[in-house]
Amino acid sequence: MTPNQPRKTLPALAGAGARTLALALAGASAAVALPGCAPLLIGGAMVGGTMMALDRRTSGTQVEDQAIELKSLARVRELGIGGHVNVTSYNRLALITGEVSRDADRQAVEQVVSRIDAVRSVVNELAVMDTSSAGARANDGILSGKVKASFVDAKDLQAPAAKVVTERGIVYLMGRVTEREANRFADVARSVPGVQKVVKVFELITEADLANLQPGGTN
């Protein structure tokens, strides 16, 4: 099941600011190794203080998203498959990324994630291929940090509005944004050296909705 918002894959180029390393360390996904023919890794985002306040989700939804990610870790572990799987939830939309060895495993992961309470939609971007190396995943974490830094450096963007997930140089962007913001976030991410593609997994809102989300708005 896929959400009703645009998803694009686009190539990339250009640089990011001095905050890159700090953001790379802060933005790296949590990973857990599981037994099997190959280690299974599942990443999720932590919810915390200042970022929670700047997030466009309610605090309750942010906690719910974290619960979805933790439940996904447990459910996928129960499948006993090898590979590298990340589940990232934003506003109860679950993005599945990584690599598994068989299409049957890809479908099984989607099924167990879609059955988790509160998940309203699933975007399955799992690739059927050899598992990425630890070094490649470390590079992806650094690349995510560079993309986040570029959002901070772009003064016309509210950087916390976009969640960044990177796999094999492919940058996935999540969040509640207007079409104008979605295009701008994608353009900035595309300009970062090392980015192979940009995939928009945004939930689009209107400019009026955005105004209500700002300080002094009604939401």
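Note that the numbering runs from 1 along the sequence shown for the chain.
Legend: residues meeting ring pair (Phe, Tyr, Trp, His ring centres under 6.0 Å) with Tyr90, ordered by chain and number and at least two apart, are absent. Under the salt bridge (charged side-chain N to carboxylate O under 4.0 Å, His left out) criterion, Glu179 pairs with no residue at all, not counting sequence neighbours. In this structure, the side-chain contact (heavy atoms from CB on, under 4.5 Å) partners of Ala136, at least two apart in sequence or on a different chain, are Ser132, Ser133. With sequence neighbours excluded, the residues satisfying side-chain hydrogen bond (donor to acceptor under 3.5 Å, both in side chains) with Arg168 are Glu99. Listed by chain and number, the residues in a side-chain hydrogen bond (donor to acceptor under 3.5 Å, both in side chains) with Arg102 are Asp105 (sequence neighbours excluded).
Here the shortest heavy-atom pairing between Thr166 and Ser144 reads OG1-OG, 2.6 Å. In this structure, Val128 and Ser101 approach most closely via the heavy-atom pair CG1-O, 3.5 Å. Contact detail for Val100 and Gly82: the closest heavy-atom pair is CG1-O, 4.1 Å. Residues Asn91 and Asp65 come closest through the heavy atom pair N-OD2, 2.7 Å. Of all heavy-atom pairs spanning Val87 and Glu69, the tightest one is O-CG, 3.5 Å. Closest of all the heavy-atom pairs between Lys200 and Ala186 is CD-CB, 3.8 Å.
Considering only heavy atoms from C-beta on, Thr97 stays 4.5 Å or farther from Leu126 through its side chain.
Not one N or O on the side chain of Asn124 forms a donor-acceptor pair closer than 3.5 Å with the backbone of Glu110. No donor-acceptor pair closer than 3.5 Å links the side chain of Gln107 to the backbone N or O of Ala104. A donor-acceptor contact shorter than 3.5 Å links the side chain of Gln214 to the backbone of Leu210.
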Criterion side chain to side chain contact (heavy atoms under 4.5 Å, CB included) on Val119 and Ser89, from CA distance to verdict:
CA-CA 8 Å; Val119 170; Ser89 181; 5.8 Å; no
Would you sort out whether Ile96 and Val113 count as a side chain to side chain contact (heavy atoms under 4.5 Å, CB included), showing the intermediate values?
CA-CA 9 Å; Ile96 310 172; Val113 173; 4.0 Å; yes
Is there a side chain to side chain contact (heavy atoms under 4.5 Å, CB included) between Val164 and Tyr172 once you walk through the steps?
CA-CA 6 Å; Val164 180; Tyr172 300 89; over 6 Å; no
Verify side chain to side chain contact (heavy atoms under 4.5 Å, CB included) between Val109 and Leu79, making sure each step is shown before the conclusion.
CA-CA 8 Å; Val109 170; Leu79 291 175; 4.0 Å; yes
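Residue pairs meeting the salt bridge (charged side-chain N to carboxylate O under 4.0 Å, His left out) criterion with at least one member in residues 78-88, sequence neighbours excluded, do not occur.
Criterion: ILVMFWY side-chain heavy atoms under 4.5 Å apart, direct or through other members. Under it, Met174 and Leu70 are not part of a common hydrophobic cluster.
The existence of a salt bridge linking Glu167 and Arg137 is excluded, since no basic side-chain nitrogen approaches an acidic carboxylate oxygen closer than 4.0 Å.
Taking the six-membered ring for Trp and thresholds of 30 and 60 degrees, Phe202 and Phe185 have ring planes inclined between 30 and 60 degrees apart.
A donor atom on one side chain and an acceptor atom on the other are not found under 3.5 Å apart for Ser150 and Asp153.
The number of heavy-atom neighbours closer than 6.0 Å to CG of Asp117, taken from other residues, nucleotides and ligands shown, is 12 or below.
Of the residues Arg57, Arg92, Arg56, Arg120, the one that meets the salt bridge (charged side-chain N to carboxylate O under 4.0 Å, His left out) test with Glu203 is Arg120.
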